[in-house]
Amino acid sequence: MNDFYEKVYRLVAKIPRGKVCTYGDIATFLGTKGSARTVGYAMNHAQSSTFYVPAHRVVNRNGLLTGKHHFESPTMMQELLESEGIKVIQDQIQDFEKVRWIPKLKIK
DNA sequence: CCGATGACTTCTC
DNA sequence: GGAGAAGCCATCG
């Protein structure tokens, strides 16, 4: 597994239940080795990976569920978020700043 | 190696 | 404030 994917997977896996994170924050956390686009690209491959990645906790900067169409069903992402206590209206997370979680510790 | 693609972000108009 | 363009970086053919 490449370092980039592994870092993304581990970081997303560390997102607490009921919290979400943005592509840009992940990209910034990982450094220059990845941009927000490449983070999304890694997420795309996360489904094919045996490593479970809660991709539904990763959204774009506006708190919009841009990646929901990549799930099994377009509504599954919203269902998962709501099941964790996150309110989603029209593919947008409510109180986004409150449920937003930003990584602080460095990944090994 | 090079061009095309993408679950993004930011700037301009 | 909505639409278009550019910048961004890893992956694929």
Side-chain angles (χ1 to χ4, degrees):
Chain A
M1 178 104 37
N2 293 331
D3 292 342
F4 182 74
Y5 280 179
E6 184 176 352
K7 287 179 180 178
V8 174
Y9 296 160
R10 289 186 180 225
L11 181 58
V12 175
K14 283 188 175 185
I15 299 176
R17 185 176 179 279
K19 294 288 183 178
V20 295
C21 190
T22 69
Y23 298 98
D25 289 335
I26 295 174
T28 302
F29 179 79
L30 294 179
T32 57
K33 293 183 179 178
S35 63
R37 259 190 167 151
T38 42
V39 171
Y41 196 81
M43 292 280 97
N44 189 14
H45 281 250
Q47 291 186 358
S48 301
S49 176
T50 58
F51 195 88
Y52 173 71
V53 179
H56 58 276
R57 295 182 187 149
V58 183
V59 295
N60 69 341
R61 201 134 175 59
N62 298 323
L64 203 64
L65 308 185
T66 55
K68 69 171 189 173
H69 290 114
H70 290 260
F71 285 82
E72 296 179 4
S73 66
T75 57
M76 191 177 80
M77 187 174 184
Q78 180 174 341
E79 294 291 336
L80 290 172
L81 290 174
E82 289 181 348
S83 66
E84 295 183 353
I86 299 176
K87 297 177 182 178
V88 179
I89 298 176
Q90 292 180 347
D91 302 337
Q92 188 170 357
I93 296 177
Q94 302 301 309
D95 297 331
F96 179 58
E97 294 182 359
K98 293 182 181 178
V99 299
R100 184 178 179 184
W101 178 83
I102 299 176
K104 297 176 182 176
L105 299 177
K106 187 175 182 179
I107 300 177
K108 293 178 183 178

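Below, each value reflects all heavy atoms present in this structure, side chains not excepted, and no hydrogens, waters or symmetry copies. Convention: sequence-line order gives letters A, B, ...; per-chain numbering from 1.
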Next item on the list: Determine yes or no for a side-chain-to-main-chain donor-acceptor pair under 3.5 angstrom, with A:Asp95 supplying the side chain and A:Lys98 the backbone.
Entry: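 No.
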Note to self: Using a 4.0 Å cut-off on heavy atoms, which residues in residues 69-84 of chain A reach DNA chain B? List them by number, or say none.
What the structure shows: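 Result for residues 69-84 of chain A: A:His70, A:Phe71, sorted by number.
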Could you tell me the separation between the [atom1] atom of [X] and the [atom2] atom of [N], rounded to a whole number of Å?
X       : N      : atom1 : atom2 : answer
A:Tyr9  : B:dA7  : OH    : P     : 15 Å
A:Lys7  : C:dA10 : NZ    : C1'   : 14 Å
A:Leu64 : B:dT10 : CG    : P     : 15 Å
A:Phe4  : C:dT11 : CZ    : P     : 7 Å
A:Met43 : B:dT5  : CE    : P     : 23 Å
A:Ile26 : C:dA10 : CD1   : P     : 15 Å
A:Tyr41 : B:dG6  : OH    : P     : 9 Å
A:Gln47 : C:dT11 : CD    : C1'   : 16 Å

Which nucleotide wins on minimum distance to the side chain of [X], given the candidates [options]?
X       : options              : answer
A:Thr38 : B:dA7, C:dC12, B:dG6 : B:dG6
A:Arg61 : C:dC8, B:dG6, B:dT10 : B:dT10
A:Asn60 : B:dA7, B:dT9, C:dC9  : B:dT9
A:Ala55 : B:dT9, B:dA7, C:dC12 : B:dA7

Check: Do the side-chain N and O atoms of A:Thr28 and A:Asp25 include a donor-acceptor pair separated by under 3.5 angstrom?
Finding: no
Check: Which pair of heavy atoms, one from A:Ala42 and one from A:Tyr9, lies closest together, and at what distance?
Finding: O-OH, 3.5 Å
Margin query: Please enumerate all residues that pass side-chain hydrogen bond (donor to acceptor under 3.5 Å, both in side chains) together with A:Ser35, with sequence neighbours excluded.
Written below: A:Thr38
Next item on the list: Classify the side chain of A:Tyr23 versus the base of B:dA7 as yes if they form a donor-acceptor pair under 3.5 Å and no if they do not.
Entry: yes
Margin query: With a 4.5 Å cut-off on side-chain heavy-atom distances among I, L, V, M, F, W and Y, is there a chain of contacts connecting A:Tyr5 to A:Tyr23?
Written below: yes
Next item on the list: Using the rule that two of Ile, Leu, Val, Met, Phe, Trp, Tyr join whenever any of their side-chain heavy atoms come within less than 4.5 Å, decide whether A:Phe4 and A:Ile26 are in one cluster.
Entry: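 Yes: a chain of side-chain contacts under 4.5 Å links A:Phe4 to A:Ile26.
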Next item on the list: Scan A:Ala42 against the nucleic acid and name what it touches under 4.0 Å (heavy atoms): base, sugar-phosphate only, or nothing.
Entry: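 Result for A:Ala42 = nothing.
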Notebook entry, point to check: Checking all strands, does A:Asn44 fall into the base, sugar-phosphate, or nothing category for heavy-atom contacts under 4.0 angstrom?
Noted result: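 Base contact.
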Check: What side-chain hydrogen bond (donor to acceptor under 3.5 Å, both in side chains) pairs are there with at least one residue in residues 81-91 of chain A, not counting sequence neighbours?
Finding: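 Residue pairs with at least one partner in residues 81-91 of chain A: A:His56-A:Glu84, A:Arg57-A:Glu84, A:Lys68-A:Asp91, A:Gln78-A:Glu82.
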